[in-house]
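Note that this is a predicted model, so its numbers are computed, not measured. Quick note on labels: first sequence line is chain A, next is B, and so on, each numbered from 1.
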There are 2 protein chains.
Amino acid sequence: MGINERKERNKQEMRKQILSTAMKLFLEEGFQNVSIRRIADNIEYSPATIYLYFKDKDDILFALHNAGFEELYKRQQEILAIKDPKKRLRKHGEVYIKFALENPEYYNLMFIMRGPAKKIVESEEWNVGMRSYDLFKRDVEASMRAGIIKKSDIDVATFAMWSLAHGVVSLILRNRCTMMDPKDLPSIAQKAFEYIMKNIGISP
Amino acid sequence: MGINERKERNKQEMRKQILSTAMKLFLEEGFQNVSIRRIADNIEYSPATIYLYFKDKDDILFALHNAGFEELYKRQQEILAIKDPKKRLRKHGEVYIKFALENPEYYNLMFIMRGPAKKIVESEEWNVGMRSYDLFKRDVEASMRAGIIKKSDIDVATFAMWSLAHGVVSLILRNRCTMMDPKDLPSIAQKAFEYIMKNIGISP
DNA sequence: TCATTTAGTGAACATAGTTCAATTTACGAA
DNA sequence: TTCGTAAATTGAACTATGTTCACTAAATGA
């Protein structure tokens with residue numbers, strides 16, 4: 001019965017190849033240049049073959065979106081080693097912003113593009129984004145319990161801080177910060193986050 | 001010389017007709033269904049005609065994006081009547097969030113989509129978005145001068161608050177808030193903004 | 001009335017995503 | 001080794017997109 005296993009392995013390998021090629025195109029030439037046909041060209045198969053491994057293009061985007069969340073989650077988990085809730089919460093924001101600016105195409109898929117989100121709603125599948133959200137929420141909760149930030153609705157506070165970080169990076173990624181010098185943007189992004197955190201009670 | 005004027009009038013009318021049709025399609029069926037061909041169909045001209053009035057599709061999106069900023073600016077100006085800087089600043093955020101959630105397609109064009117932003121950078125044209133930004137920035141400045149919020153870099157503070165509001169609404173508009181009940185979103189959006197503002201010193 | 005400028009268009013090009021009948025390849029049984 | 005079946009792959013087609021351009025139709029001014 002080793003044959004079926006090999007076939008399954010091949011199938012998974014093909015999926016991986018498609019995904020890594022799609023990601024490569026994404027990184028090299030941006031979203032608009034990732035077409036099924038170009039992916040097919042790259043892996044030297046016909047476009048129709050892609051459809052044997054993925055239902056449609058959004059399915060590919062969704063898979064990449066999941067890979068992005070894996071990477072983010074990994075970085076988030078490294079933060080857990082920090083014991084001081086205050087430092088941990090700050091670090092959380094810092095890591096999030098850094099991840100976004102260093103991996104704009106992933107971030108795009110994970111938090112901005114519509115395609116992947118459609119799949120989340122459709123598939124009702126357990127959402128990898130939730131895992132990251134919960135991890136952050138637990139940090140917010142810990143800071144509240146420790147009396148570092150004022151007690152209030154945890155979901156509102158978590159959402160507010162997430163929104164802040166997301167707002168900062170998505171305005172930058174979508175080129176809405178023409179009033180600032182492009183080279184200063186990463187630093188301003190961190191400063192803007194710090195500014196609010198400091199006011200909330202998360203001083204450096 | 002009335003003939004040239006009439007021609008110019010007609011030309012402007014045609015532009016308006018194209019834009020309003022594009023916007024209608026936008027509102028009725030979302031971005032992906034606004035094609036040059038569908039606009040042409042709707043105004044009963046050939047697709048090629050559109051190109052006599054607009055350089056390309058992004059040019060149409062850019063024009064709509066500008067119309068969106070006109071509407072936002074109008075709403076912002078109404079806030080100026082409020083004399084208390086604290087109330088004014090809060091109101092500013094409230095209006096922004098309300099505008100975004102009530103006009104998702106406009107907001108999309110103004111702050112999320114890539115097409116219009118490309119035109120801003122290309123055209124080097126004075127940016128209507130700047131006008132709105134400056135108005136808000138002046139509010140932040142006034143609050144700092146009045147000692148309501150702590151003095152610090154004005155641009156960082158302005159950007160931070162803008163980011164917060166943008167983050168809140170863009171996460172909602174792009175369906176990233178599956179952890180919350182959809183019907184609560186407008187209220188949560190306002191609450192999240194309030195939460196941060198309260199902590200900054202802009203209490204209700 | 002007629003030449004010239006202007007407005008508008010049909011047809012074509014390149015590129016998309018997607019489907020499906022037809023073909024090639026791999027496999028297990030005889 | 002041969003052969004029928006099942007699986008994998010694909011070429012070609014369909015629909016739809018943005019865009020261009022040689023052409024036609026209409027308006028204008030002499």
A/Arg9 CZ to D/dA8 P, straight-line distance once rounded to whole Å: 15 Å
Selection residues 10-19 of chain A - residue pairs positive for side-chain hydrogen bond (donor to acceptor under 3.5 Å, both in side chains), sequence neighbours left out: A/Glu8-A/Gln12
N/O (side chain, A/Ser46) to phosphate O (OP1/OP2, D/dG11) under 4.0 Å: no
Please set out all donor-acceptor pairs under 3.5 angstrom arising from side-chain atoms of residues 135-144 of chain A, sequence neighbours excluded.
| from | atom 1 | to | atom 2 | distance (Å) |
| --- | --- | --- | --- | --- |
| A/Lys137 | NZ | A/Asp155 | OD1 | 3.2 |
| A/Asp139 | OD1 | A/Arg88 | NE | 2.8 |
| A/Asp139 | OD1 | A/Arg88 | NH2 | 3.4 |
| A/Asp139 | OD2 | A/His92 | ND1 | 3.0 |

Sugar-phosphate only, base, or nothing, as touched by A/Phe54 at under 4.0 Å among non-hydrogen atoms: nothing
Single hit among A/Leu171, A/Leu185, A/Ile172 for side chain to side chain contact (heavy atoms under 4.5 Å, CB included) with A/Met180: A/Leu185
Between D/dT10 (C1') and A/Leu52 (CG): distance, integer Å: 9 Å
Distance in angstrom units between A/Met14 CE and D/dT10 C1', rounded: 12 Å
Distance below 4.0 Å between A/Thr49 side-chain N/O and D/dT10 OP1 or OP2: yes
Residues A/Asn42 and A/Lys24: side-chain donor-acceptor under 3.5 angstrom: yes
Interatomic distance, A/Ile50 CD1 vs C/dT19 C1' [rounded to whole Å]: 15 Å
Nucleic acid footprint by protein, nucleotides 16-25 of chain D - heavy-atom cut-off 4.0 Å, B for base, S for sugar-phosphate alone: -BBBBB----
For A/Glu94, salt bridge (charged side-chain N to carboxylate O under 4.0 Å, His left out) partners two or more places apart: A/Lys91
Pairing residues for B/His65 by the side-chain hydrogen bond (donor to acceptor under 3.5 Å, both in side chains) criterion, not counting sequence neighbours: none
N or O in side chain of B/Tyr53 less than 4.0 angstrom from C/dA7 OP1/OP2: no
d(CG, A/Asn10; C1', C/dC27) in whole Å: 14 Å
Qualifying ring-ring contact (aromatic ring centres under 6.0 Å, His included) pairs, either residue in residues 171-195 of chain A, two or more places apart: none
Nearest-Å distance for atom pair NZ/C1', residues A/Lys11 and D/dA7: 9 Å
Distance, rounded to the nearest Å, where A/Ile39 contributes CD1 and D/dT9 contributes P: 16 Å
